[in-house]
Amino acid sequence: MRRRIEWIDLVKAVSVLLVVFMHASNTLVDLAGPSGVTAVLQHINHLLEPMRMPVFFLVSGMLASSAVHRPWSKSGNRTLGMVYLYLVWMLLFFGFITVFGSAPSDPVSSILFAKSGFWYLYAMALFFVIARLLRNQPAWVVVAVALLPNILRPLTDQVVGQLVPGSLYTSMAMNLAFFLIGAYSKDIVGGLAEKVTTWHAMVFGALSVTAGLLWLDTPEMVGHSLLPLSLLWVPFGVSVAVLVTRDGAPAWSKYVGARTLSIYVMQWPVIFLLGTFLPGGLLAHPVVALVFPFAVTAAVAALALWLHSLPALRSLFVAPRWVTHPHELPFFASLRPQAPAPEPVTVTAGR
C-alpha cells in the first residue's frame with residue numbers, strides 16, 4: 001500500500017506538469033510562430049498525448065474507489081466540492097480576463113457545457129457521479145460501454161460538435177473509461193503494478209515510442225482514437241512510476257501530487273497573461289524558445305503551491321465544509337425530524 005500510494009502521487013505530479021508543459025508549448029507557438037524548436041516540442045507533446053490525461057484519470061479513479069461505495073452524504077468532496085471549485089474558478093477566470101478586456105461572449109454556456117480549460121474539474125464531478133450510480137452493475141460492462149465513444153472518436157467528435165459546439169465533452173469521453181477502470185478495479189491495477197519489473201517498463205516503453213512515432217507519421221490517423229496507444233503508454237507510465245518509487249518516492253512527488261488541482265487551475269490565468277502581453281519577439285531565439293515552456297511550467301507550479309499554502313486562500317483550492325456537508329448546516333439540521341423525548345421514569349422506593 002505504501003508503494004502504491006507513492007507511485008500514484010508521482011503519476012499525478014508528473015501528469016499535471018506535462019499538461020502545463022503542453023499548454024505552455026502551445027502558447028509559444030501562438031506567440032513566436034512555428035520553428036524548429038516548436039516542431040520538436042509539439043512532436044513530444046503529441047507523442048505523450050495517449051498517456052498524459054488517461055493515466056491522470058486512471059489514478060484519480062483509484063483514489064475515488066472507496067468513496068464510490070459510500071453514501072452520497074459522505075461523498076461531498078467529490079461531488080458538491082468539485083462543482084463548487086469548478087464554478088469558483090470559472091467565475092474568477094472570467095472576471096480576471098474581463099479586467100484585461102477579454103470578456104467571455106457567453107459565460108453561462110461556457111460554464112454549463114464545459115467550454116474552457118477547467119473541464120477537468122467538471123469531469124471529475126461528472127465521472128464520480130457516473131461511477132457511483134453504476135457501481136452495482138458489472139464493471140466490465142460499464143467500462144466497455146464507456147470505451148465506445150473513445151473507439152468511435154470521429155463519430156463522437158461529430159455528434160458532440162453538432163449538439164454542443166465548442167464544448168470539451170469529447171475530451172471527457174476519451175477519458176471516462178480510464179477513471180472507471182481505476183474506480184472499479186483499484187486492487188487489480190495496484191496488484192499488477194506491484195509486480196512490475198524493469199523489463200516490463202522497457203518493453204512497454206519501446207512499444208509505446210515505436211507505435212507513437214508510427215502514428216505521428218500517419219496523417220490519415222489524425223482525429224482517430226488514441227486508445228490503442230493509451231493501452232501501451234499508460235502501463236509504461238505506471239511501470240516507470242512504480243520503479244522510481246519502489247525504494248522510496250522523491251521528496252517532492254507526494255507534496256506536488258497532493259496539490260495537482262491547484263497547479264491545474266493556476267495555469268490558465270498565467271498562460272492568459274503570457275499570451276496577451278508577452279511580445280513574441282522575445283521568444284525568437286531558439287534557446288529562449290526552448291527554455292520557455294520549462295520556465296512557465298516551473299513558474300506555474302511554484303505559484304500554485306505557494307498560493308495553496310496560504311490559509312486565507314484555502315477555499316480556492318479546497319471546498320469548505322459547508323459546501324461538502326450541507327446537511328450539517330443549522331437550517332437543514334432543523335428540518336430533520338427530531339427524536340421524541342424519552343418518557344420520564346418514575347422510581348418507587350422499595351421497602
Side-chain angles (χ1 to χ4, degrees), residues 13-46 48-49 52-53 56 85-111 113-122 165-168 171 256 259-310 312-317:
V14 173
S15 296
V16 77
L17 294 176
L18 288 176
V19 169
V20 179
F21 182 84
M22 182 262 293
H23 291 135
S25 300
N26 293 341
T27 302
L28 172 65
V29 177
D30 294 338
L31 290 172
S35 66
V37 171
T38 58
V40 172
L41 293 173
Q42 286 183 312
H43 272 76
I44 293 173
N45 286 321
H46 288 321
L48 295 175
E49 184 179 357
R52 193 168 44 232
M53 291 306 291
F56 201 6
L85 291 172
Y86 173 69
L87 292 175
V88 164
W89 277 98
M90 286 290 286
L91 294 174
L92 283 175
F93 185 70
F94 286 161
F96 181 76
I97 64 176
T98 298
V99 170
F100 295 100
S102 299
S105 58
D106 192 355
V108 174
S109 176
S110 295
I111 291 173
F113 301 113
K115 298 180 180 181
S116 78
F118 295 100
W119 68 272
Y120 169 73
L121 306 181
Y122 188 115
S167 79
L168 290 168
S171 296
V256 175
R259 293 160 177 80
T260 52
L261 186 147
S262 306
I263 297 173
Y264 188 90
V265 296
M266 278 307 303
Q267 68 178 311
W268 300 113
V270 172
I271 286 177
F272 169 80
L273 289 176
L274 292 173
T276 304
F277 297 107
L278 185 65
L282 294 178
L283 304 174
H285 194 282
V287 174
V288 177
L290 182 60
V291 170
F292 177 78
F294 292 95
V296 171
T297 302
V300 167
L303 176 62
L305 295 175
W306 174 64
L307 293 176
H308 186 103
S309 70
L310 301 178
L313 300 181
R314 178 177 172 79
S315 60
L316 294 181
F317 305 106

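For the residue pair A289 and L283, the shortest heavy atom distance occurs at CB-O, 3.6 Å. Summarising the geometry of P293 relative to A24, their closest heavy-atom pair is CA-CB, 3.8 Å, with the distance given to 0.1 Å. Closest approach of L85 and S315 over heavy atoms only: CD2-O, 4.2 Å. Residue G280 comes nearest to A32 through the heavy atom pair O-CB, 4.1 Å, listed as atom of the first residue, atom of the second, then distance. Between L168 and S116 the shortest heavy-atom distance is CD1-O, 2.9 Å. For the pair F118 and V265, the tightest heavy-atom approach, listed with the atom from each and the gap, is CE2-O, 3.7 Å.
Distance CG/N26 to OG1/T38: 10.5 Å, rounded to 0.5 Å. Rounding to the nearest 0.5 angstrom, the gap separating the OG1 atom in T27 from the CG atom in L273 is 11.0 Å. We find the CG-CE distance between L18 and M53 to be 11.0 Å, quoted to the nearest 0.5 Å. The CG atom of L274 sits 7.5 Å away from atom CG of L31, with the distance rounded to the nearest 0.5 Å. The CE atom of M22 sits 12.5 Å away from the CG atom of L41 when rounded to the nearest 0.5 Å. Rounding to the nearest 0.5 Å gives a distance of 10.0 Å between CG of L17 and CD of Q267.
For the pair H43 (side chain) and A39 (backbone), a donor-acceptor distance under 3.5 Å is present. Checking side-chain atoms of W89 against main-chain N and O of M266 turns up no donor-acceptor pair under 3.5 Å. Within the 3.5 Å criterion, the main-chain N or O of L261 finds no donor-acceptor partner in the side chain of Y120. The closest donor-acceptor contact from the side chain of Y122 to the backbone of K115 lies at 3.5 Å or more, if one exists at all. Side-chain atoms of R259 never come within 3.5 Å of backbone atoms of F317 as a donor-acceptor pair (strictly under, hydrogens ignored).
In this structure the side chain of L303 never reaches within 4.5 angstrom of the side chain of V300, judged on heavy atoms. Side-chain contact between P104 and T98 is present, with heavy atoms from C-beta onward closer than 4.5 Å. Contact check for F292 versus V288: no side-chain heavy atoms found under the 4.5 Å cut-off.
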Walk me through it: do I263 and V19 pass the test side chain to side chain contact (heavy atoms under 4.5 Å, CB included)?
CA-CA 10 Å; I263 297 173; V19 169; over 6 Å; no
*Before giving the answer on side chain to side chain contact (heavy atoms under 4.5 Å, CB included), spell out for L316 and L92 the whole-Å C-alpha distance, their side-chain angles and the decisive distance to 0.1 Å.*
CA-CA 10 Å; L316 294 181; L92 283 175; 3.6 Å; yes
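Checked against the 6.0 Å centroid criterion, the rings of F113 and W119 do not qualify as a close aromatic pair.
In this structure, F272 and F100 have tilted ring planes: the angle between them lies in the 30° to 60° band. Note on ring orientation: taking the six-membered ring where Trp is involved, the planes of H23 and W268 are tilted (angle from 30° to 60°).
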